Amino acid sequence: MFDLNKTAKFFPQPLDRAATAAIAILLVAIVALLLTGNTSVPRVREFTWQDRQIGAEDKAFILTFSRPMNRASVEENLRIDPPLPGKISWAGRRMAYTLTAPVPYGQEFEFQLQGATEKFAAPNNIEVSIEPFIGKFRSRDRAFAYLGVDEAEEGQLILYNLSEEPQHKRVLTPKHLLVMDYKPYPKGDKILFSAIERKAKGKKALEQKLYTVTTGISPQSPGTKAISAQPPGKVELVLDSKNYRNFKFDLSADGNIIVVRRQSKRNLIDFSLWIIKAGEKPKPLYDKPGGDFAIAPDSRSLALLQGSDGAGVAILPLEPDAEPLDFLPKFEMLLNFSQDSSAAAMVKFNRDPNNPTRSLFAILPSQGIEKELLRTNGRIIDAQFDPTNKILYCLLTKLIEEEEYKEEPYIAAIDVQTGELKPLVLLPDQRDIQMSLSPDGLALLFDQAVTATRERNSSQQRGPKTNMGQSVTTSRLWLIPLLPDLPLQDLPAPIPTELLPFNGLRPQWLP
């Protein structure tokens, strides 16, 4: 008899036929792939600076490729417009491009890569080129803040953005607050400032509070989530003056720590440093107030002048009652740190009774070097490292030997390696000046204050004051375009300066 079940074994069912056909097709595809190679086009999977704004702290971008690449072909075919010099390193499918010069602010850049080939060619020696890639990014705006001196904006914090079109100034703080000092946050999105109530009288006129105010800038930095900018002028209280008077303060480079000197209203000898960490309440830091202080760029340590008797500068961790990490006994004035913490500028007083002088030193902790750059009978007011740490821009005075004591301020550039000094701008008849070097090292700002006469200059007079306590009637702002690519000996002297079309005091570039 005919057995239907046995016969079915020799006649495949429709599902079996479909499966067999699919397997056959896959086998053919695999064989074809092995014979011809993988012809899929390599591409850029990630560009870390795509549609971002980069600042002075952004040193490198990373390209991630979908396939291993012929490294030489990538390096030969990448283009950045305008050019940004840099060096290349590799790790597998990732390429890092590290800048060798500061990125100029206020510019848009385009990155292009085309014509590069993959590492492994097909068996027929056909090289597969990368899918053309175009990336765009920009540097941060060229913007700075200053204190208003004109009647309509006296003592208010003002922002000026040179990258905006049209350029215009923006008043950030309300009229009822008289701003005393300020520090921009690292992203430039807000500013920390101290202020008193404009109409306060008596002891209340000495009670500073700390606030933050938004600038309206949102840099969209690499490695951060894209957020919309907050409107400018939003003020928030950080530290009140209910039980303590607040004096000098500093802000860490990462924006997460504030250190402020405070005095208890109940116990006037309680004069100490306090620390405010992001999201935490203020607490005492060191029980001894010391002298001048500054948070180091690593945001983990503090340089503190031990006293006015030449006791030196202590480097302390930002922890309550901590032991010093380092001690520099011969220095009596702390000027500045380099952006990367690899150098510091300090002053030593040379107490020769016949010829008292001051010495400017560059301190290079990693190399164990304390290098004297300048010895002068004038004052050393300020010093700021350029982004490469090769040039130190200084605000100095020259003592003029006449019938009466007279100083002539000037701005100079000093080569940190050779000690060569080049005067840039002479500032006759000026006593109190503040300068600020732009984060890209391409421009200097400084003010030129006009102070009130002795009859008008009283302690009760309100409004902006110089660091020496004189009341300011007006103040001009100047900009110096710098030429960091030129050797010091080739710089013009005096270097051309540009008078800005508005008045202001204590200018500071945003980071």
Side-chain angles (χ1 to χ4, degrees), residues 53-58 101-107 138-148 157-164 167-173 179 181-193 212-219 221 232 250-255 294-295 297 335-340 345 381-389 391-395 411 413 424-425 433-448 467 475-484 495 497-511:
Q53 290 187 18
I54 60 174
E57 74 276 15
D58 298 308
V103 59
Y105 276 33
Q107 294 192 23
R138 62 166 296 140
S139 55
R140 292 187 190 170
D141 291 351
R142 299 177 62 82
F144 62 89
Y146 64 94
L147 299 182
L157 189 58
I158 300 172
L159 176 73
Y160 195 85
N161 191 334
L162 294 168
S163 299
E164 284 185 337
Q167 296 177 0
H168 66 278
K169 59 184 179 181
R170 180 180 295 155
V171 178
L172 298 178
T173 55
V179 178
D181 197 8
Y182 67 97
K183 306 282 183 182
Y185 273 79
K187 301 299 183 185
D189 56 337
K190 57 183 179 177
I191 296 175
L192 176 69
F193 69 95
T212 61
V213 62
T214 55
T215 61
I217 293 175
S218 180
S221 301
D250 198 15
L251 176 67
S252 64
D254 62 8
I295 302 176
L335 293 176
N336 221 317
F337 290 98
S338 63
Q339 294 177 2
D340 61 1
I381 302 171
D382 194 6
Q384 298 177 26
F385 289 92
D386 82 327
T388 67
N389 298 338
I391 302 295
L392 192 61
Y393 292 98
C394 303
L395 181 56
I411 295 174
L424 301 179
V425 179
I433 300 166
Q434 182 161 315
M435 72 173 190
S436 176
L437 177 65
S438 64
D440 58 8
L442 297 179
L444 265 172
L445 284 169
F446 70 93
D447 55 10
Q448 192 176 29
N467 292 329
S475 179
R476 292 181 289 181
L477 292 175
W478 296 83
L479 186 144
I480 307 176
L482 300 175
L483 304 168
I495 197 168
T497 58
E498 177 185 343
L499 177 64
L500 297 179
F502 45 83
N503 297 324
L505 188 71
R506 299 180 189 170
Q508 287 191 55
W509 291 99
L510 296 193

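All figures in this text were calculated on a predicted structure; none of them were measured in a lab. If you read the sequence from its start, that first residue is 1, and numbering goes on from there.
Shown here are the salt bridge (Lys or Arg N to Asp or Glu O under 4.0 Å) partners of Asp440, two or more places apart in sequence or in another chain: Arg142. Taking Phe144 as the reference, Tyr160, Trp509 meet the ring pair (Phe, Tyr, Trp, His ring centres under 6.0 Å) condition, with sequence neighbours excluded. Asp382 is linked by a side chain to side chain donor-acceptor pair (under 3.5 Å) to Gln384, counting only residues two or more places apart in sequence or in another chain. With sequence neighbours excluded, no residue satisfies side chain to side chain donor-acceptor pair (under 3.5 Å) with Asp250. Every ring pair (Phe, Tyr, Trp, His ring centres under 6.0 Å) that Tyr146 has, sequence neighbours left out, goes to Phe502. Remark: Arg476 pairs with no residue by the salt bridge (Lys or Arg N to Asp or Glu O under 4.0 Å) rule, at least two apart or across chains. Here Asn389 pairs with Ser338, Asp340, Ser342, Phe385 under the side chain to side chain contact (heavy atoms under 4.5 Å, CB included) rule; sequence neighbours left out. A search for salt bridge (Lys or Arg N to Asp or Glu O under 4.0 Å) contacts involving Glu498 returns nothing, not counting sequence neighbours. With sequence neighbours excluded, the residues satisfying side chain to side chain contact (heavy atoms under 4.5 Å, CB included) with Glu164 are Asn161, His168, Arg170. Ser218 meets the side chain to side chain donor-acceptor pair (under 3.5 Å) test with Gln220; sequence neighbours excluded. Scored by the side chain to side chain donor-acceptor pair (under 3.5 Å) test, Lys183 finds no partners at all (sequence neighbours excluded). Listed by chain and residue number, Glu153 satisfy the salt bridge (Lys or Arg N to Asp or Glu O under 4.0 Å) test with Lys169 (two or more places apart in sequence, or in another chain).
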